[in-house]
Amino acid sequence: MALRFYNTLTRSLQEFHPVEPGIVGIYACGPTVYQLPHIGNYRTFLLNDLLHRYLQWKGYRVKFVMNLTDVDDRIIEQALARGVAIDEFTEPFIRGFFDDQQALNIRPADVYPRATRHVSEMVTLVERLLERGHAYLVDGSVYFAISSLPQYGRLSRIDLSHMRAGERVASDRYEKEDVRDFALWKAARDEDRRVGAVWPTAWGDGRPGWHLECSAMSMAELGESFDIHTGGEDLIFPHHEDEIAQSEGATGRPFVRFWLHVKHLLINGEKMSKSLGNDYTLRDLLQQGHSATAIRYLLLSAHYRKELNFTFDGLEDARAALRRLLDFQDRLERSPPGDEGGDSALPDLARTGLADFEAALDDDLNAPAALAALFTFVRETNAALDRGTAPAAHLEQVRHALRRMDEIFAVLDLARAEGQVDARFAAWVEERLAQRQAARARRDFARADAIRAELSAAGVLVEDTPQGPRWRREAPRTGPASA
RNA sequence: GGCCCCGUAGCCUAGUGGUAAGGCAGAGGUCUGCAAAACCUCGAUCCGGCGGUUCGAAUCCGCCCGGGGCCUCCA
């Protein structure tokens, strides 16, 4: 079956084939490290993770590049306010970003190029643009001349004709020939010097414009033409449009073949924004007792091109759905095998489950449809196991299918890690369970139920099975019920 | 104003021409000492509203209502 992606460039679903067979280059717009990423950023990062994991799952060799924007207006402003150099200012946010990536079980990129560490490539790119007549210099700043590139606007399909050339925009500190032009390089100001955001060039000291880093670093890591570029929908214009202009202007070659953009997240039905105070960071949510696995699951559970409404109720639902998957995995592990020569529906279920799962993801990474395939597989396998035992080899096939599917969603191990309890606590639980079993054996159910209540109060849920009692920590409330 | 997206059961989310998939929540049942888990059954006679195209539309077209995004540095 064929893998298809919705390409913003063509506004249509297109079969995906990498430039080099078997090898895929992906560039993802990463965080600007002036604050910790918020939950909306993570929707985008998790789409990247889904893409990254799925292409590897399909057998592609993937080179995944995610940049860190560690110099920009906001960073300079805030570094200035604190009286520190930009590197010192951004350092904790970079660390926080990596901590969060790990907490959400996001597969690391192969490279995380930082803008400040790749200025020479950017300068070279500006030189090429100047040489080719796509850029011009004004007072030490360099601008891209949009009029020099007829195909400008192809990605965003934006009509720039209503913006009048030559108009001076009051809020703009820099002088451009045409309002539509954008800065490739910004001449150094005093403030920039004070926070170490200055690099020397032939045309004077300054710092790179925002769009420039992505063109320079992506081409440095992946070549002048590469397969996939991702980002949030807000980046289509101007950021990605300008990246294309810079890159194609400099090389004369097509820059990116597939552009994938993630729709923005809503929170409780509202736009996420600082003024509403709903721009939660992962840290905020974890401190409120929410589970990273539930957050991961929830953010992956809607198709990336559709609006997703993030709510705390949704987080609870996600947790319950995860519980079902964990119980299923647990059941597979503890299911006693039947006769070797016996038959079961399991191999068939594993096969169709995986096929449906793959077909869903092939269709523009349709994660909700993939989850539907996963849960259908779970229900039907549970039903088959209710009907009777299966040979060990059959059990192994469904275990394998579940593992394969979880390579994409990557929630099972994460959830287990979250459910870990310390050994002393576990020993205490086991001791109480032994007491309870003794009480049950002498049919002293009042005593047995009292112990169960005691354990429940300690956050332990007891289940009696034909193989004896089992227990698990009851997932804690993942946050204030009123939230 | 320009460009674009969305509105599916109580909630969340797939489906985009052939009669609605999955999760959560809910009801009944099987199992259980009782529970829990699992399984079985039930739930949208219908997919914001109205009109149209079609043998046939949630899916295409038009209008209306409601929500959202982008339009120079917000993922």
Side-chain angles (χ1 to χ4, degrees), chain A residues 11 28-32 37-48 69 72-74 156-163 169 171-172 176 179-183 209-211 230-239 241-242 261-266 269-274 279 297-298 301-303 305-311 313-325 327-328 330-331 356 360 363 366-376 378-387 440 443-446 448-449 452 456 461-466 469-472 474:
Chain A
R11 305 285 153 102
C29 276
T32 300
H38 55 245
I39 202 71
N41 291 309
Y42 278 108
R43 179 179 200 194
T44 303
F45 298 160
L46 281 166
L47 178 268
N48 289 331
T69 300
D72 94 321
D73 289 354
R74 291 160 299 179
S156 57
R157 303 195 176 181
I158 208 152
D159 176 19
L160 292 175
S161 59
H162 64 280
M163 296 177 97
V169 177
S171 64
D172 206 310
K176 298 183 276 189
V179 272
R180 304 172 303 173
D181 292 347
F182 59 90
W210 175 37
H211 317 300
T230 70
E233 60 170 343
D234 58 302
L235 296 183
I236 295 172
F237 186 85
H239 185 53
E241 194 69 72
D242 291 349
H261 290 99
V262 184
K263 187 95 179 159
H264 275 185
L265 181 74
L266 294 181
E270 304 184 286
K271 181 180 178 169
M272 187 190 66
S273 75
K274 269 209 179 75
D279 56 329
Y297 181 94
L298 180 59
S301 67
H303 185 90
R305 281 192 292 116
K306 288 280 180 70
E307 218 162 57
L308 167 65
N309 188 13
F310 183 93
T311 65
D313 283 347
L315 230 34
E316 286 301 310
D317 291 353
R319 205 181 50 134
L322 286 167
R323 180 78 262 155
R324 182 166 162 80
L325 292 179
D327 281 340
F328 176 66
D330 205 49
R331 178 177 193 179
D356 291 348
D363 185 17
N366 193 335
L371 284 173
L374 167 58
F375 279 100
T376 299
V378 169
R379 175 168 38 74
E380 290 178 348
T381 303
N382 267 323
L385 290 172
D386 278 358
R387 285 195 298 271
R440 293 183 73 209
R443 304 193 63 80
D444 181 357
F445 294 121
D449 289 349
R452 187 165 63 192
S456 175
L461 181 71
V462 178
E463 296 181 0
D464 297 312
T465 76
R470 53 183 281 222
W471 65 277
R472 62 168 189 249
E474 245 171 344

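So that the names make sense, note that chain A is the first sequence line, chain B the second, and so on, each numbered from 1.
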Peer 1: May I ask you to say whether A:Asp330 pairs ionically with A:Arg472, meaning some side-chain N is under 4.0 Å from a carboxylate O?
Peer 2: no
Peer 1: Between A:Glu307 and A:Lys263, is there a side-chain N and carboxylate O pair less than 4.0 Å apart?
Peer 2: no
Peer 1: So what does A:Arg74 touch, heavy atoms closer than 4.0 Å: a base, only the sugar-phosphate, or nothing?
Peer 2: sugar-phosphate
Peer 1: Any side-chain N or O of A:Lys271 less than 4.0 Å from the OP1 or OP2 oxygen of B:C70?
Peer 2: yes
Peer 1: Using the rule for Phe, Tyr, His and the six-membered ring of Trp, do A:His264 and B:A75 stack at under 5.5 Å and under 30°?
Peer 2: yes
Peer 1: Which is true for A:Gly40 with a 4.0 Å heavy-atom rule: it touches a base, it touches only sugar-phosphate, or it touches nothing?
Peer 2: base
Peer 1: Give the B/S/- string for nucleotides 32-39 of chain B, one per nucleotide from 5' to 3', where a protein heavy atom under 4.0 Å of the base yields B, of only the sugar-phosphate yields S, and otherwise -.
Peer 2: -BBBBSSS
Peer 1: Starting from P on B:A14, measure out to NE2 on A:His303 and report it in whole angstrom.
Peer 2: 8 Å
Peer 1: Grab the CG-P distance between A:Asp313 and B:U13 for me, whole Å please.
Peer 2: 12 Å
Peer 1: Across the strands shown, which category fits A:Leu308 at heavy-atom distances under 4.0 angstrom: base, sugar-phosphate, nothing?
Peer 2: sugar-phosphate
Peer 1: Once you apply a heavy-atom cut-off of 4.0 Å, does A:Asn309 come out as touching a base, just sugar-phosphate, or nothing?
Peer 2: sugar-phosphate
Peer 1: With a cut-off of less than 4.0 Å, is there a side-chain N or O of A:Asn366 near OP1 or OP2 of B:G15?
Peer 2: yes
Peer 1: Would you call A:Asp327-A:Arg323 a salt bridge at under 4.0 Å N-O?
Peer 2: yes
Peer 1: Going from CZ on A:Arg331 to OG1 on A:Thr465, what distance comes out if it is rounded to the nearest 0.5 angstrom?
Peer 2: 10.5 Å
Peer 1: Does the A:Glu463 side chain pair with the main chain of A:Arg470, one donor and one acceptor, at a distance under 3.5 Å?
Peer 2: no
